[in-house]
Amino acid sequence: MKVRILRCKTPDSDQYWEAFDYNGTTDISVAGLLEFLNYNDDIINDKGEKTTRIGWECSCLQGVCGACAMVINDVPALACETFIKDLKGEEIVLRPLRKFPVIHDLMVDRSMIQENLKSADIYIGEYKPGKKKEHALQYNAAKCLKCGLCLEVCPNYTNGNTFYGALFANDCYLVATRNAEKAKTIRKVYGEHFGRGCSKALSCMDVCPVNISTLASMAKLNRG
Amino acid sequence: MKRVLIIGSGISGLSCAIRCAGYGIHATLISPYPSERAQSVMAAGGINAVTEECEEGDSVDSHIENTLRGGAYIGGKKAVSGLCGNAEEIIRYLESIGTVFTVGTDGRPYTRAFGGQTHKRTYFCGASTGKQIVSALVMEARRYEGIGLIERRMGLCFHSALIKDGACYGALVFDEKTRTIETVYSDCVVMAVGGQNSLFGKTTGSSLCDGYAAGRLFRQGAVLKNLEFIQYHPTTLETSQKRILISEAVRGEGGRLFYTEDGKRVYFMEDKYGPNGNLMTRDVVSREIYSASKEVFLDISFKDKQFIDSYLPEVRDICRKFRNIDISREPIPVAPSVHFFMGGLAVNLNHETNIRNLYAVGECASMYHGANRLGGNSLLAAIYSGNIAADDISGRESALKNVDFKDMADHANMELKGMLDSDSPFPVMYVRDMLAETMRKHLGIVRTEESLVKGIEDVEYDLSVSDRIKYDGSVSAYTNYSLKGILTLARAVLSCAKFRKESRGAHYRSDYPKESEEFGCATLISFDNGDYSIRSDKEGVYES
Ligand SMILES: Cc1cc2nc3c(=O)[nH]c(=O)nc-3n(C[C@H](O)[C@H](O)[C@H](O)COP(=O)(O)OP(=O)(O)OC[C@H]3O[C@@H](n4cnc5c(N)ncnc54)[C@H](O)[C@@H]3O)c2cc1C
Ligand code: SF4
Ligand code: FES
């Protein structure tokens with residue numbers, strides 16, 4: 001099986017494709033595959049040439065930290081919980097998320113996610129719940145990994161723009177419901193940075209690794 | 001006090017930064033990645049506290065006693081009393097900033113049972129307690145960021161501390177993007193860098209916790225403590241990428257351990273320790289599984305599906321995703337794996353190290369847990385220690401006057417440049433893999449003198465190789481320069497395990513299977529001109 005990877009040495013160098021041969025088990029995640037390719041002392045590509053280790057980000061290896069987000073056979077997903085046996089096609093094609101500047105190989109700079117939340121001043125402040133108890137939705141919204149997969153698929157999100165994407169809507173929902181007194185002001189920034197720009201493609205929900213219902217967050221925030 | 005530099009943005013670093021900001025102190029929080037990637041988000045089962053709503057008969061005293069007993073009585077009583085005495089306030093604080101706790105029909109947070117505790121006192125958020133706390137703390141940090149009191153800087157790694165005449169004045173930090181070393185001056189430095197996972201290659205935790213900072217500070221004169229106490233969590237699940245933790249919450253909710261003999265289930269923990277046997281402390285359960293020498297399972301399938309969906313959804317998902325196991329129908333195959341480090345930087349009651357103005361909090365500091373940590377106590381300790389350090393810092397005078405570390409920074413930059421310009425025949429990852437193999441082999445659940453001596457020899461060899469590695473261009477510059485610190489720490493851990501000629505808590509020596517009064521206190525180790533000097537803290541300097 002061929003594994004084709006879109007690589008890049010440094011933030012300001014050009015990207016290039018490099019392929020590797022893999023003949024091991026398919027009952028392994030893409031993270032496991034990357035570790036396998038990187039394991040030997042000498043890393044050899046499919047042409048038999050010596051090359052450098054493949055750069056990728058990981059921390060938890062169990063789908064709870066969002067580090068390993070990348071595009072796998074055209075689908076944005078977490079490498080550590082995407083199994084090769086579930087992929088279609090003869091090849092595995094890995095590329096870094098396209099919506100963020102590349103740092104090295106499959107690693108990207110997602111600092112804009114934090115910057116946007118900071119510039120909109122998104123915080124709960126004090127727990128003052130409203131009348132409605134929506135524990136399950138709030139619990140799920142607070143599980144957002146800030147992985148950026150929802151931004152990767154979103155037709156409206158561009159890095160550095162004023163539309164902040166699904167993760168922003170979900171954080172707004174969390175603030176508005178955990179502190180009812182902030183609901184009004186939060187709705188305003190939500191409108192500015194999400195509500196007005198969202199074309200309801202909702203592809204964000206298909207890729208979210210923790211199944212956050214952005215639609216439910218939107219419904220609660222739009223209803224006012 | 002004006003400026004604090006905090007290295008690491010997990011729960012302990014965030015807590016310290018927020019508390020400092022509350023005092024009006026400016027906190028700079030440095031880490032390679034945002035808090036969402038820190039190991040803290042992996043904490044599953046819960047956080048302990050005895051509160052006003054506690055179970056009948058429970059008390060703070062009993063939380064203290066359980067913690068001390070769980071730690072085989074070498075955790076300091078004063079420190080543990082502070083931890084447990086402040087637990088209620090910490091839960092209230094977490095509630096007040098909007099943490100999504102699991103609540104009962106009355107809207108009040110629920111508690112569950114955890115190992116080694118006489119009462120149900122573990123507060124939790126489903127099975128993603130750490131993640132939920134991180135989400136709430138990040139929002140709170142952002143609030144202070146908005147008013148300029150907290151600055152969160154990412155993409156930076158610790159290089160070394162600026163130390164002169166026994167006091168710390170800041171740190172050198174490395175920026176992987178620009179590949180340069182920056183000097184950051186501050187009145188105090190707080191280390192919040194987590195555990196020492198990388199010594200063992202893979203553990204249940206995050207690969208970002210590598211032990212480098214502790215190793216480097218040790219070389220710079222910081223005292224380390226209780227390194228031999230490494231917690232093996234009894235219930236982890238083998239997957240193709242690592243052993244994943246099956247939270248103690250499963251046993252807390254009634255899960256039963258068993259193996260099969262002659263076609264019959266043997267509930268070995270219950271047979272030996274009675275009805276609550278499954279909830280013995282982790283050191284005991286791990287040793288029992290080890291000595292059973294059979295495939296052990298954890299069963300919760302007798303609970304109805306709705307209960308599992310409500311209380312253990314993350315455990316259900318892990319087993320399904322990584323092993324295709326339906327925990328509502330079948331038992332989970334489990335075995336022990338390295339999980340937590342009771343040892344680390346030695347600190348006093350205020351979490352200051354032996355180097356003035358250098359603090360350590362969270363898992364990288366050794367405090368409270370003695371020879372074995374109780375589940376649910378480390379999230380509590382991460383927050384409490386962050387708070388205590390901030391409280392102490394708030395009372396300090398600013399020490400930054402005419403200090404200048406330009407020479408040190410220039411030297412570090414020159415060394416880095418020399419490294420980047422060279423190439424080495426030794427791959428760093430090869431040495432890291434060899435180290436992990438050594439540590440797993442010689443620092444297992446059961447240890448012996450002979451094996452530990454062999455382990456020390458192996459690491460000594462790795463250290464000698466590390467001197468010959470100039471630069472391995474196939475991995476990051478940080479991975480290169482961190483190697484020596486990691487190896488040094490490993491050497492120190494093995495030495496401490498050899499020094500403690502007894503069995504206590506997580507440290508079991510088959511050649512000294514009994515507890516010995518002589519070793520009834522902490523182990524301290526320092527680096528004196530290349531020598532690893534070890535002693536027992538008989539005077540209780542670090543824990544009282
Ligand atoms: C799977 C799992 C489940 C757990 N469940 C529980 C539980 O239910 N209850 C409980 O009480 N405890 C639990 N624990 C333990 C608990 O999660 C940790 O002890 C605690 O979260 C540690 O927090 P911390 O802030 O000290 O460190 P971490 O969260 O590990 O944060 C360390 C920070 O330091 C940074 N860092 C590391 N090295 C450097 C460097 N060289 N330079 C700059 N930054 C650096 C990291 O990037 C990170 O930001 C669990 C642990 C694991 C692994
Ligand atoms: S909403 Fe989902 S996809 Fe988007 S950042 Fe959060 S976890 Fe990732
Ligand atoms: S490594 Fe944490 S989500 Fe994949």
Side-chain angles (χ1 to χ4, degrees), chain A residues 10-11 25 27-29 31-32 35 38-43 51-53 55 57-67 80-81 83 103-104 109-111 113-114 117-119 121-129 133 135 138-147 171 174-175 178-179 210, chain B residues 33-39 41-42 44 95-100 102-103 107 125-126 128 130-132 135-136 138-146 152 154-155 176-177 179 202 204-209 239-242 244-245 314 317-318 321-322 426-427 429-430 433 472-476:
Chain A
T10 57
T25 170
D27 196 8
I28 186 176
S29 71
E35 286 190 328
N38 274 341
Y39 185 71
N40 294 321
D41 296 343
D42 289 332
I43 313 297
T51 184
T52 51
R53 279 190 168 69
E57 207 183 306
C58 81
S59 167
C60 72
L61 286 178
Q62 60 181 80
V64 295
C65 81
C80 69
E81 52 175 33
F83 284 79
I103 299 173
H104 170 55
D109 178 357
R110 286 173 276 186
S111 53
I113 293 177
Q114 308 290 339
L117 290 162
K118 180 178 147 189
S119 73
D121 219 10
I122 299 300
Y123 65 86
I124 296 169
E126 205 178 332
Y127 179 49
K128 288 187 180 156
K133 301 278 179 284
H135 184 268
Q138 291 168 17
Y139 178 79
N140 248 22
K143 271 171 74 174
C144 172
L145 310 178
K146 305 294 179 288
C147 64
D171 264 19
L174 192 63
V175 172
R178 299 300 280 177
N179 184 352
V210 288
Chain B
Y33 301 105
S35 304
E36 284 81 1
R37 316 277 180 262
Q39 174 168 300
V41 301
M42 302 174 75
E95 269 190 281
S96 78
I97 59 166
T99 309
V100 187
T102 295
V103 290
C125 315
S128 72
K131 173 66 195 174
Q132 297 288 336
S135 293
V138 164
M139 289 241 188
E140 194 58 6
R142 193 174 292 129
R143 177 158 84 93
Y144 284 109
E145 223 174 4
R152 291 189 295 156
M154 284 151 223
E176 192 83 52
K177 241 201 282 183
R179 292 181 146 204
K202 279 185 189 164
T204 57
S206 156
S207 54
L208 298 179
C209 299
T239 75
S240 60
Q241 49 211 31
K242 69 171 206 175
I244 298 184
L245 178 83
E314 284 79 8
D317 291 349
I318 284 170
K321 243 185 247 169
F322 293 97
F426 284 107
M429 288 322 286
Y430 173 70
D433 290 340
D472 171 2
S474 72
V475 292
S476 70

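These figures come from a predicted structure and were not determined experimentally. First the proteins, then the strands, lettered A, B, ... as listed; each starts at 1.
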### Most chain B-contacting option - heavy-atom pairs closer than 4.5 Å, from A:E126, A:K128, A:Q114
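The answer is A:Q114.
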### Message
Which one wins on heavy-atom pair count under 4.5 Å against chain B: A:G32, A:P11, A:S29?
### Response
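Of the options given, most contacts go to A:S29.
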Side chain from CB out, backbone as N, CA, C, O: work out which of these in [X] comes under 4.5 Å of a heavy atom of chain A, or both, or neither.
X	result
B:S240	side chain
B:E95	backbone
B:D472	side chain
B:S476	neither
B:R152	side chain

### Query
Is it true that a side-chain atom of B:R37 and a backbone atom of A:L145 form a donor plus acceptor pair closer than 3.5 Å?
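Answer holds: yes.
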### Message
Quick check against the 3.5 Å criterion: does A:Q138 have a side-chain atom that pairs as donor or acceptor with the backbone of B:V100?
### Response
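Absent.
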Gap between atom [atom2] of [Y] and atom [atom1] of [X] - 0.5 Å precision:
X	Y	atom1	atom2	value
B:F322	A:D27	CZ	CG	11.5 Å
B:R179	A:T10	CZ	OG1	8.5 Å
B:T204	A:Q62	OG1	CD	8.0 Å
B:Y144	A:Y123	OH	OH	10.0 Å
A:E81	B:T239	CD	OG1	11.5 Å
B:E36	A:I113	CD	CD1	8.5 Å

### Task
Please check if atom CZ in A:F83 has more than 12 non-hydrogen atoms from other residues, nucleotides or ligands closer than 6.0 Å.
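Yes.
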### Message
Among residues at least two apart in sequence or on other chains, which ones pass salt bridge (Lys or Arg N to Asp or Glu O under 4.0 Å) with A:R178?
### Response
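Counting only residues at least two positions away or on another chain, A:R178 forms no salt bridge (Lys or Arg N to Asp or Glu O under 4.0 Å).
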Side-chain heavy atoms of [X] within contact of [Y], under 4.5 Å:
X	Y	result
A:C58	B:S207	yes
B:M429	A:Y39	no
A:C65	B:Y33	no
B:M154	A:S111	no
B:M139	A:D171	yes
B:K242	A:E35	no

### Task
State plainly whether the residues A:D121 and B:R143 are in salt-bridge range, i.e. N to O under 4.0 Å.
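A salt bridge is absent here (no side-chain N lies under 4.0 Å from a carboxylate O).
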### Task
Over all heavy atoms of both residues, which pair between A:L117 and B:R142 is shortest? Give the atoms and the distance, please.
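Nearest heavy atoms, A:L117 then B:R142: O-CD, 3.4 Å.
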### Message
Less than 4.5 Å to any heavy atom of chain B: does that hold for the side chain of A:C144, its backbone, both, or neither?
### Response
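The backbone, not the side chain.
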### Message
Quick check for you: among B:M42, B:Q132, B:Q39, which has the greatest number of heavy-atom pairs under 4.5 Å with chain A?
### Response
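Going by pairs under 4.5 Å, I would pick B:Q132.
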### Query
Relative to chain A, which of B:S135, B:A141, B:G98 shows the most heavy atom pairs under 4.5 Å?
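Top option by heavy-atom pairs under 4.5 Å: B:G98.
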### Query
Would B:S128 and A:Y139 count as having a side-chain donor-acceptor pair, cut-off 3.5 Å?
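Distance-only check passes for B:S128 and A:Y139.
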### Query
Sequence neighbours excluded, which residues qualify as side-chain hydrogen bond (donor to acceptor under 3.5 Å, both in side chains) partners of A:K143?
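A:K143 satisfies side-chain hydrogen bond (donor to acceptor under 3.5 Å, both in side chains) with B:E314 only.
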